[in-house]
Amino acid sequence: MKLHLPLLDADPASPFPDPRSALREPDGLLAFGGDLCPQRLRNAYRHGIFPWYSPGQPILWWSPDPRTVFASDGVHLSRRFRRQLRARRWTITADTAFATVVTACADMPRKEGGGTWITPEMHAAYLALHDLGHAHAIEVWDDETLVGGLYGVALGHMFFAESMFSAHSGGSKVALAALAVILHAWGWPWIDAQVESPHLLRMGARTLPRADFLAICAQQTALPETTGPWHERIGRRSLEWLLANLPPASH
């Protein structure tokens, strides 16, 4: 099957196609080409669009329908998992090891096989966004060992999660739950999780029609943002802090 996709203009300030024109199959494929410069990436996220492609492919841009999101007060951890956490002495930080988190996400084996989608160009692009204060990581530590984390992009009062990893069982769950608690305390209502999976749905993710998600993006990304690293705002948090601030446990 031959796909007829718009080719993005070389000017990084040029607009994206209307997300409503994205393909149904594969779901959400919108355009190709362009680059991964900070200006274009920020413009993409503001309009509910993200890059996702494999080595050897051109840059592909997506806006799936429906869209998977978490409410920042809606990340669920089971009672059993919470009991396991009470015996651990993990701690949580932000933006102290951004590059290491991205590398760990890229190196994680994927169930579907085929290697990572975090190409060297993607890695460099998010490092550039981080240096500008727009991309952030949540890190989970066992003493000095990184056991889990996630990274994504923050614009206005919206967080667009990109990838997460666990080096120890449950590390990514703790990172996601900690991010949600932090954002909820700041008054940020949503976390974009892009595409649904059974794992995300078990943790409380929901799906929204793309039109609803785009309206949320327009509203939340237009709010005033504070750029720069988060490590001083968040400090080092304990699992006791996390457990005390989570919503009620799921089964």
Side-chain angles (χ1 to χ4, degrees), residues 38 41-42 45 50 69-77 85 88-108 118 122-168 170-194 200 203-205 220-221 223-247:
L41 281 173
R42 294 183 69 216
Y45 284 107
F50 59 87
V69 299
F70 285 95
S72 62
D73 61 351
V75 173
H76 300 157
L77 298 182
L85 292 182
R88 299 176 185 173
R89 292 293 176 262
W90 292 357
T91 56
I92 300 151
T93 60
D95 288 344
T96 67
F98 182 88
T100 305
V101 168
V102 177
T103 297
C105 290
D107 290 345
M108 281 294 291
I118 305 175
M122 291 276 275
H123 196 298
Y126 288 98
L127 283 177
L129 273 182
H130 174 66
D131 290 342
L132 292 171
H134 302 299
H136 305 280
I138 301 294
E139 305 113 5
V140 183
W141 303 90
D142 184 355
D143 195 13
E144 299 301 317
T145 301
L146 192 62
V147 296
L150 64 77
Y151 76 95
V153 176
L155 295 174
H157 287 191
M158 185 78 185
F159 192 88
F160 302 88
E162 272 296 320
S163 188
M164 57 186 182
F165 83 98
S166 290
H168 189 293
S172 63
K173 290 182 182 179
V174 169
L176 177 58
L179 172 68
V181 168
I182 290 163
L183 296 183
H184 183 62
W186 291 352
W188 297 27
W190 297 103
I191 301 169
D192 174 34
Q194 296 182 351
L200 295 179
M203 291 191 67
Q220 296 300 318
T221 63
L223 295 173
E225 61 184 291
T226 302
T227 58
W230 285 358
H231 56 82
E232 290 187 359
R233 297 178 70 184
I234 294 170
R236 185 173 290 268
R237 305 294 179 97
S238 66
L239 290 182
E240 289 80 5
W241 162 84
L242 176 63
L243 292 169
N245 287 280
L246 284 172

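Not measured: the values here are computed from a predicted model. Worth knowing before you read on, the calculation uses all heavy atoms, side chains too, and leaves out hydrogens, waters and symmetry mates.
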Within-4.5 Å side-chain heavy-atom neighbours: [X] and [Y]:
X: L246; Y: V75; value: no
X: Y151; Y: H130; value: no
X: F159; Y: L150; value: yes
X: L41; Y: L129; value: yes

Output side-chain donor-acceptor pairs under 3.5 Å for residues 135-147, partner residues at least two apart or in another chain, one line each.
{"unit_1": "H136", "atom_1": "ND1", "unit_2": "D95", "atom_2": "OD2", "d": "2.7"}
{"unit_1": "H136", "atom_1": "NE2", "unit_2": "G133", "atom_2": "O", "d": "3.3"}
{"unit_1": "H136", "atom_1": "NE2", "unit_2": "W230", "atom_2": "NE1", "d": "3.4"}
{"unit_1": "E139", "atom_1": "OE1", "unit_2": "T93", "atom_2": "OG1", "d": "2.5"}
{"unit_1": "E139", "atom_1": "OE1", "unit_2": "A94", "atom_2": "N", "d": "3.3"}
{"unit_1": "E139", "atom_1": "OE1", "unit_2": "T96", "atom_2": "N", "d": "3.3"}
{"unit_1": "E139", "atom_1": "OE1", "unit_2": "T96", "atom_2": "OG1", "d": "2.8"}
{"unit_1": "E139", "atom_1": "OE2", "unit_2": "D95", "atom_2": "N", "d": "3.0"}
{"unit_1": "E139", "atom_1": "OE2", "unit_2": "T96", "atom_2": "N", "d": "2.9"}
{"unit_1": "E139", "atom_1": "OE2", "unit_2": "A97", "atom_2": "N", "d": "2.9"}
{"unit_1": "W141", "atom_1": "NE1", "unit_2": "T93", "atom_2": "OG1", "d": "2.7"}

**Message:** Looking at S166, is its backbone amide N or carbonyl O close enough to the side chain of S172 to form a donor-acceptor pair, meaning the two atoms are under 3.5 Å apart?
**Reply:**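 Here the side-chain-to-backbone pair does not exist.
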
**Message:** Working to the nearest 0.5 angstrom, can you tell me the gap between W241 CH2 and T91 OG1?
**Reply:**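 Nearest 0.5 Å value for the CH2-OG1 distance: 11.5 Å.
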
**Nearest-0.5 Å distance, CG of residue L155 to CG of residue L223** =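 With rounding to 0.5 Å, CG (L155) is 11.5 Å from CG (L223).
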
**Item:** side chain to side chain contact (heavy atoms under 4.5 Å, CB included) between M203 and L77, intermediate numbers included
**Value:** CA-CA 6 Å; M203 291 191 67; L77 298 182; 3.9 Å; yes

**Message:** Suppose we screen for ring-ring contact (aromatic ring centres under 6.0 Å, His included). Which residues come up paired with F70, at least two apart in sequence or across chains?
**Reply:** none

**Request:** In sequence, state the C-alpha distance, the side-chain angles, and the governing distance for K173 and M164, and then conclude on side chain to side chain contact (heavy atoms under 4.5 Å, CB included).
**Result:** CA-CA 9 Å; K173 290 182 182 179; M164 57 186 182; over 6 Å; no

Please table the atom pairs, donor to acceptor, closer than 3.5 Å between any side-chain atom in residues 182-190 and protein atoms at least two apart or in another chain.
none

**Message:** Restricting to salt bridge (charged side-chain N to carboxylate O under 4.0 Å, His left out), what partner residues turn up for R237, sequence neighbours left out?
**Reply:** none

**With L132 via side-chain contact (heavy atoms from CB on, under 4.5 Å) - residues at least two apart** = P38, H134

**Asked** E240: what forms a side-chain contact (heavy atoms from CB on, under 4.5 Å) with it, not counting sequence neighbours?
**Response**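 Result, side-chain contact (heavy atoms from CB on, under 4.5 Å) vs E240: R89, S238.
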
Listed by chain and number, what are the side chain to side chain donor-acceptor pair (under 3.5 Å) partners of [X], not counting sequence neighbours?
X: Y126; result: Y45
X: Q220; result: none
X: H231; result: none

